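Side chains are part of it too, since the values below use all heavy atoms of this structure and drop only hydrogens, waters and symmetry mates. Since the model is a prediction, treat every value here as computed from it, not as a measurement. In this chain, numbering begins with 1 at the start of the sequence shown.
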Amino acid sequence: MADEPYIVFGSPCIGDDEVRAVEETLRSCWIGTGPRVQEFEAEIERYTGARHAVAVGSCTAALHLAMLANRLGPGDEVITTPLTFAATANAILHTGATPIFADVDRETLNLDPEAVEAVIGEKTRAILPVHFAGRPCDMDALERLASASGLVVIEDAAHALGASVHGRRVGSRARSACFSFYVTKNATTGEGGVVCTDSPELANEVKVQALHGLSADAWSRFGDKGHRHYEVVSLGFKYNMTDIQAALGLCQMRKFDEGQKRREEIWARYDEAFAGLPCRIPTRPAPDTEHARHLYTLLIDLEEAPVTRDQFIEKLHERGIGTGVHYRALHLHRYYRERYGFEPSDFPHAAWISERTVSLPLSPKLGEREVERIIGAVGNALGRS
């Protein structure tokens with residue numbers, strides 16, 4: 001076993017076709033924002049059913065631009081989950097708005113609509129739910145709350161490409177839904193993000209803001225249609241996606257459904273193998289929804305397990321298996337503690353999950369031997385002989 005390769009958590013599934021696509025893009029000499037980005041945006045529109053998709057450099061950029069396009073800024077409050085990556089809250093702060101955390105549901109790990117309702121105030125302008133691990137939030141309840149209070153909903157769908165609610169994919173029903181194509185995601189562009197929206201005006205504003213606030217993008221200015229003068233119409237950002245990234249993403253999307261089927265197979269193997277161990281396996285998604293199966297997250301039973309979560313991680317590492325922690329809740333991190341004076345007890349469910357959560361490798365590139373190694377290591381660490 002010592003000679004077997006280390007199983008890297010979140011390692012992307014990259015094949016020869018991706019290598020060829022990137023090489024062809026490099027040889028084309030159009031490696032900035034150009035035709036491949038346009039193709040990638042069209043593919044995301046096709047796959048999600050969104051009316052408009054705008055590709056940018058990261059999901060963090062997507063969140064920032066979506067909030068700015070929705071006119072969020074200083075003095076506004078945005079309700080979100082503390083059980084998320086820092087980018088969710090940081091993007092709110094970069095607009096000048098204030099993140100207001102609401103606790104999560106222990107079963108779903110998603111925002112609890114009742115907790116959201118309890119913190120809606122006079123300054124609340126938006127709700128920013130995160131579809132944790134690829135499981136859709138209770139969007140019906142959150143949208144009812146938003147409608148009743150005149151709030152905008154901006155979905156952090158970083159984990160949720162392929163998820164659906166009532167037969168419609170996440171991104172198809174949104175004023176603003178932001179996807180991630182980071183290296184660990186179910187489809188990757190290395191770094192990258194997309195804003196999906198049903199609003200042509202919002203899509204155009206995101207596109208303009210993503211490239212310095214210019215009235216025409218680089219493809220229009222330097223393509224084969226002749227020179228076009230541009231106008232700086234606002235104080236924008238350098239958030240655009242490149243054709244190199246998009247070429248990779250187009251290949252990833254062509255085999256996305258196949259990869260999702262493999263994720264489902266591994267997920268089912270894990271569920272069966274870990275039943276009866278001192279841990280909680282992911283709960284089933286709500287009826288009439290589809291899970292994107294981005295993260296397979298165990299919750300270690302600290303009362304019954306022979307190890308803590310961190311000891312569990314170390315035991316798997318010793319057997320050549322990488323894991324992830326999703327997440328240590330934001331209100332427990334020093335920056336947010338010091339800025340807002342949070343205590344762990346402020347969001348008890350998120351804090352409870354933070355002590356127990358661990359994500360296992362879940363990738364289409366995992367072979368049968370690797371899946372068996374992971375299953376055996378988990379059983380060994382949790383006391384199964």
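The nearest pair of heavy atoms linking Ile44 to Thr48 is O-OG1, 2.7 Å. The nearest pair of heavy atoms linking Pro306 to Pro278 is CD-CG, 4.4 Å. Among all heavy-atom pairs drawn from Ala350 and His331, the shortest one is CB-CE1, 4.2 Å. Residues Ile154 and Pro129 approach most closely at O-CD, 3.3 Å, considering heavy atoms. Scanning all heavy atoms of the two residues, the minimum distance from Ala187 to Phe181 falls at O-CD2, 3.3 Å. Across Val54 and Glu41, no two heavy atoms sit closer than the pair CA-OE2, 3.5 Å.
Taking OG from Ser180 and NZ from Lys185, the interatomic distance works out to 3.5 Å, rounded to the nearest 0.5 Å. Of the inter-residue distances, the one linking Arg319 atom CZ with Ile374 atom CD1 reads 11.5 Å to the nearest 0.5 angstrom. Annotation: the span from Ile281 atom CD1 to Phe274 atom CZ amounts to 9.0 Å, rounded to 0.5 Å. A distance of 9.0 Å separates CG in Asn380 from CG in Leu382, rounded to the nearest 0.5 Å. Remark: Leu362 CG to Arg263 CZ distance equals 5.0 Å, nearest 0.5 Å. Taking SG from Cys59 and CG from Asp156, the interatomic distance works out to 5.0 Å, rounded to the nearest 0.5 Å.
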Full working for side-chain hydrogen bond (donor to acceptor under 3.5 Å, both in side chains) between Tyr47 and Asp257:
CA-CA 10 Å; Tyr47 188 83; Asp257 287 338; 2.9 Å; yes
From CA spacing to verdict: side chain to side chain contact (heavy atoms under 4.5 Å, CB included), Thr60, Asn90
CA-CA 8 Å; Thr60 310; Asn90 289 357; 5.7 Å; no
Under the side chain to side chain contact (heavy atoms under 4.5 Å, CB included) criterion, do Leu360 and Val378 qualify, and how do the steps go?
CA-CA 9 Å; Leu360 301 180; Val378 169; 4.0 Å; yes
Please lay out, stage by stage, how Ile127 and Val78 fare under the test side chain to side chain contact (heavy atoms under 4.5 Å, CB included).
CA-CA 6 Å; Ile127 302 171; Val78 179; over 6 Å; no
Go through the steps to decide whether Tyr336 and Tyr340 satisfy the test ring pair (Phe, Tyr, Trp, His ring centres under 6.0 Å), and finish with yes or no.
CA-CA 6 Å; Tyr336 306 100; Tyr340 296 108; 7.1 Å; no
Using the ring pair (Phe, Tyr, Trp, His ring centres under 6.0 Å) rule, take Tyr296 and His326 through it: C-alpha gap first, then chi angles, then the decisive distance, then the call.
CA-CA 10 Å; Tyr296 189 93; His326 300 91; over 10 Å; no
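Using a 4.5 Å cut-off between side-chain heavy atoms of Ile, Leu, Val, Met, Phe, Trp and Tyr, with links allowed through other members, Ile100 and Ile120 fall into the same hydrophobic cluster. Phe256 and Leu248 fall into different hydrophobic clusters, where Ile, Leu, Val, Met, Phe, Trp and Tyr are joined by side-chain heavy atoms under 4.5 Å apart, directly or via other members. Linking ILVMFWY side-chain heavy atoms closer than 4.5 Å, directly or via other members, places Phe347 and Leu332 in two distinct hydrophobic clusters. Transitive grouping of hydrophobic side chains (ILVMFWY, heavy atoms separated by less than 4.5 Å) keeps Leu299 and Leu277 in distinct clusters. A single hydrophobic cluster is seen to contain both Leu111 and Val153, as judged by linkage of ILVMFWY side chains at heavy-atom distances under 4.5 Å, directly or through other members.
Other residues, nucleotides and ligands contribute more than 12 heavy atoms inside 6.0 Å of the CD atom of Gln311. For CD1 of Ile31, the number of neighbouring non-hydrogen atoms (other residues, nucleotides, ligands) closer than 6.0 Å is 12 at most. At most 12 heavy atoms of other shown residues, nucleotides or ligands fall within 6.0 angstrom of atom NZ in Lys315.
At a threshold of 4.0 Å, the pair Arg356-Asp301 does not count as salt-bridged, since none of the basic side-chain nitrogens sits closer than that to a carboxylate oxygen. A salt bridge is absent between Glu107 and Arg284: the closest approach of a Lys/Arg side-chain nitrogen to an acidic carboxylate oxygen does not fall below 4.0 angstrom. Using a 4.0 Å cut-off between charged side-chain N and carboxylate O, Glu4 and Arg369 make a salt bridge. Ion pairing between a basic and an acidic side chain is recognised when a charged N comes within 4.0 Å of a carboxylate O; Arg125 and Asp76 show such pairing. We find that Glu265 and Arg293 are not joined by a salt bridge, their nearest charged nitrogen and carboxylate oxygen being 4.0 Å or further apart. One finds no salt bridge joining Glu370 and Lys365 here, because no Lys/Arg side-chain nitrogen approaches an Asp/Glu carboxylate oxygen to under 4.0 Å. A salt bridge does not link Glu43 with Arg254: none of the charged nitrogens is closer than 4.0 Å to a carboxylate oxygen. Checked for salt-bridge contact, Glu368 and Arg262 meet the test: a charged N lies under 4.0 Å from a carboxylate O.
For Ser176 and Asn70, the side-chain atoms include at least one donor-acceptor pair closer than 3.5 Å. A side-chain donor from one of Glu155 and His131 sits under 3.5 Å from a side-chain acceptor of the other. A donor-acceptor contact under 3.5 angstrom links the side chains of Gln209 and Ser234, judged on distance only. With 3.5 Å as the limit, one finds no donor-acceptor pair spanning the side chains of Gln245 and Glu191. At a cut-off of 3.5 Å, with distance as the only test, a side-chain donor of Asp140 or His166 sits close to an acceptor on the other residue. In this model, a donor atom of one side chain and an acceptor atom of the other lie less than 3.5 Å apart for His349 and Arg106. A donor-acceptor contact closer than 3.5 angstrom links the side chains of Tyr6 and His317. Inspection of the Thr297 and Ser359 side chains reveals an N or O donor paired with an N or O acceptor under 3.5 Å. Side chains of Thr25 and Asp243: a donor-acceptor N/O pair is absent below 3.5 angstrom, by distance only.
Within the 4.5 Å cutoff, side-chain heavy atoms of Phe312 are placed close to those of Leu298. Residues Pro361 and Leu366 form a side-chain contact, since some pair of their non-hydrogen atoms from C-beta on lies under 4.5 Å apart. Here the side chains of Phe179 and Cys196 are in contact, with some heavy-atom distance below 4.5 Å. Counting only heavy atoms from C-beta outward, the side chains of Leu151 and Leu145 never approach each other to under 4.5 Å. For the pair Glu205/Leu68, no side-chain contact is recorded, criterion being any heavy-atom separation below 4.5 Å from C-beta on. In this structure, the side chains of Asp105 and Asn110 stay at 4.5 Å or more apart for every pair of heavy atoms. Residues Val37 and Thr242 are not in side-chain contact: their nearest non-hydrogen atoms beyond the backbone lie 4.5 Å or more apart. Counting only heavy atoms from C-beta outward, the side chains of Thr98 and Ile92 never approach each other to under 4.5 Å.
Below 30°, between 30° and 60°, or above 60°: for His64 and His94 the angle between ring planes is between 30° and 60°, a tilted geometry. Below 30°, between 30° and 60°, or above 60°: for Tyr327 and Phe85 the angle between ring planes is between 30° and 60°, a tilted geometry. Taking the six-membered ring where tryptophan is involved, the planes of His159 and His294 are tilted, since the angle between them lies from 30° to 60°. Ring pair Phe237/Tyr239 is parallel by interplanar angle, where below 30° counts as parallel and above 60° as perpendicular.
Residues Phe101 and Phe342 bring their aromatic ring centres within 6.0 Å.
In this structure a side-chain-to-backbone donor-acceptor pair under 3.5 Å is present from Arg135 to Thr283. Judged by distance alone, the side chain of Thr197 and the main-chain N or O of Arg175 form a donor-acceptor pair under 3.5 Å.
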